[in-house]
Amino acid sequence: MELESNSKDAPIGVFDSGVGGLTVVREIMRQIPNEKIIYFGDTARLPYGSKSKDTIIRYSRQICHFLESQKVKAIVVACNTASAQALDTLEQEIDVPITGVVKPGAKTAAEATKNGKIGVIATEGTISSQIYSQYIMKLKPDTEVIGKACPLFVPLVEEGLLIDPVTVEIAQRYLTELIDIDIDTLILGCTHYPLIRSTIGKIMGDKVTLVNPAYETARELKELLEEKHLLNETKPTLGTGQYQFYVSDAADKFKTFANSILKYGILSAKVVNMEQY
Ligand code: DGL
C-alpha cells in the first residue's frame, strides 16, 4: 500500500547539512517515539554556515523536493542556518507543514534568562541574519542578545573531535568574550553544537544556562502534528526500518557517526544525488 503524505503513518522528513540534525532527530525519537523519520544530511555540500542565502535556499529546496518524493507528512529544518535563510521561502513553496529550529530556541532562551543577557553561538550565516535577536526581542524587548560566529565548530564535530584538546582550545577562544560580558543564557544556535555541549558547558561555567533548541523543536513538532491530526498513535512494526538515513556523500562515515550518538543501530545510509531534485 502506498503511503500518502497526509496519512498519520507517513514519515517526518528532517534535514541538516550533515550530522548536526541528528541532535534534533534524537529528541524527536524520544518525545514522539511512534513516528517514522527520514533524515537527510547534505554531507557533499557542507558547511552551510559560510554560504550565501541564495545557495542555502537552492540546497534546502532540493532537499525538500527529495523529502516530498518520499511522501513525508511534515518537514523539520534541523539546521539553524537553513531555518534562518530559507524557511520563509520554503513555507511558501512546500505543501506539507514545515518547521525550523530558530523560533523554538529563541523562545526557550527568552524564558530562561534572568539578567536579560543572552549569547548566541552559531554559524556565520545564522549570526549575520540576526534572526535570534529578532525573535527574542519580540518576546522580551529589553533583552540584550550577543551573537558570536563559531565557524570551526562544525568541521571539528564532523571529524568526530567531540572531546579533544583542539576543540577545547578553539572553544576557549570563541567563548571568552561571552564570559566577559556576563551572559546568563547561551543558545547553541547550530545543531552541531550540542555534540560538544560538555566542552562548551565547562568553559561557560555553572551560572550559564545552555539552550539546545532541539527539545522545544520536538515539542512544537508534536503540537503541530496534533493540530493537523497527523500524530501517529501506534508504534510502527518496522524495527530499525522506522528510521531511514540519506546523505549526499560519504555514507559510511555518516553511518558510523550516527551509530555513535543514536541508540538505534542504523543499518545503512544511502547516497542520493541532489541534482535530480
Ligand atoms: N548544523 C547547521 C546549523 O544548525 C549547519 C552547519 C553548517 O553546515 O555550517 O546551522
Side-chain angles (χ1 to χ4, degrees), residues 13-28 39-64 75-88 90 98-106 108-109 119-133 135 147-162 167 170-171 174 186-197 200 210-218 221 245-250 253-254 257-258 261-262 274:
V14 182
F15 76 89
D16 179 44
S17 61
V19 296
L22 294 173
T23 60
V24 180
V25 162
R26 201 159 60 172
E27 205 46 50
I28 298 172
Y39 183 83
F40 180 83
D42 202 358
T43 45
R45 306 190 290 195
L46 153 146
Y48 277 14
S50 53
K51 302 217 163 56
S52 70
K53 183 177 172 89
D54 283 352
T55 300
I56 299 305
I57 291 174
R58 183 159 57 83
Y59 289 175
S60 302
R61 185 184 279 135
Q62 286 176 323
I63 297 167
C64 287
I75 294 177
V76 179
V77 184
C79 171
N80 288 263
T81 312
S83 298
Q85 313 268 28
L87 186 57
D88 283 359
L90 298 171
I98 181 162
T99 182
V101 285
V102 171
K103 234 188 214 172
T108 311
V120 182
I121 50 172
T123 66
E124 287 161 317
T126 303
I127 295 298
S128 67
S129 76
Q130 300 201 344
I131 191 161
Y132 269 106
S133 60
Y135 280 133
K148 173 77 187 164
C150 304
L152 291 173
F153 281 169
V154 168
L156 288 168
V157 168
E158 289 284 332
E159 286 309 314
L161 299 174
L162 306 185
T167 307
I170 289 171
Y174 283 146
L186 179 64
I187 302 174
L188 307 180
C190 169
T191 52
H192 282 73
Y193 300 177
L195 294 166
I196 50 168
R197 184 188 181 116
I200 295 170
L210 300 186
V211 171
N212 173 3
Y215 176 82
E216 183 63 17
T217 302
L221 172 67
F245 298 84
Y246 294 88
V247 289
S248 46
D249 199 8
K253 185 175 172 196
F254 177 90
F257 194 106
I261 66 157
L262 297 177
M274 275 297 117

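Just so it is clear, the structure is predicted and the values come from calculations on it, not from any experiment. We use all heavy atoms of the structure for the numbers below, so side chains are in, but hydrogens, waters and symmetry mates are not. Throughout, residue positions are numbered sequentially from 1 according to the sequence presented. Counting starts at 1 for both ligands and their atoms, in listed order.
Two residues are said to be in side-chain contact when any heavy atoms from C-beta on lie closer than 4.5 Å; L195 and F257 meet this criterion. Within the 4.5 Å cutoff, no side-chain heavy atoms of V77 are placed close to those of V101.
Under 4.0 angstrom from ligand 1, the non-hydrogen atoms of T191 come from both its backbone and its side chain. With a 4.0 Å heavy-atom cut-off, ligand 1 is reached by the backbone of T81 and by its side chain too. Using a 4.0 Å cut-off between heavy atoms, S17 contacts ligand 1 through its side chain alone, with no backbone atom that close.
Using a 4.0 Å cut-off to heavy atoms of D16, the atoms of ligand 1 that qualify are 1 (N), 2 (C), 5 (C). Each of the following atoms of ligand 1 lies closer than 4.0 Å to a heavy atom of C190: 1 (N), 2 (C), 3 (C), 4 (O), 6 (C), 10 (O). Contact atoms of ligand 1 toward N80: 3 (C), 4 (O), 10 (O) (distance under 4.0 Å to a heavy atom of the residue).
Checked against a 3.5 angstrom limit, the closest N/O atoms of G49 and ligand 1 fall inside it. Residue-to-ligand polar distances keep T123 apart from ligand 1: every N/O pair is separated by 3.5 Å or more.
For the 3.5 Å distance criterion, the side chains of T126 and T123 qualify, holding a donor opposite an acceptor. Neither side chain, D42 nor S17, offers a donor N or O lying under 3.5 Å from an acceptor on the other. A side-chain donor-acceptor contact under 3.5 Å links N80 and Y132.
A side-chain contact (heavy atoms from CB on, under 4.5 Å) with Y193 is found for one member of L210, T23, I200 and no other, namely I200.
Heavy atoms of G18 stay at 4.0 angstrom or farther from ligand 1.
Protein heavy atom in closest approach to atom 7 (C) of ligand 1: Y48 N, 3.2 Å.
Atom NZ of K51 has more than 12 neighbouring heavy atoms from other residues, nucleotides or ligands inside a 6.0 Å radius.
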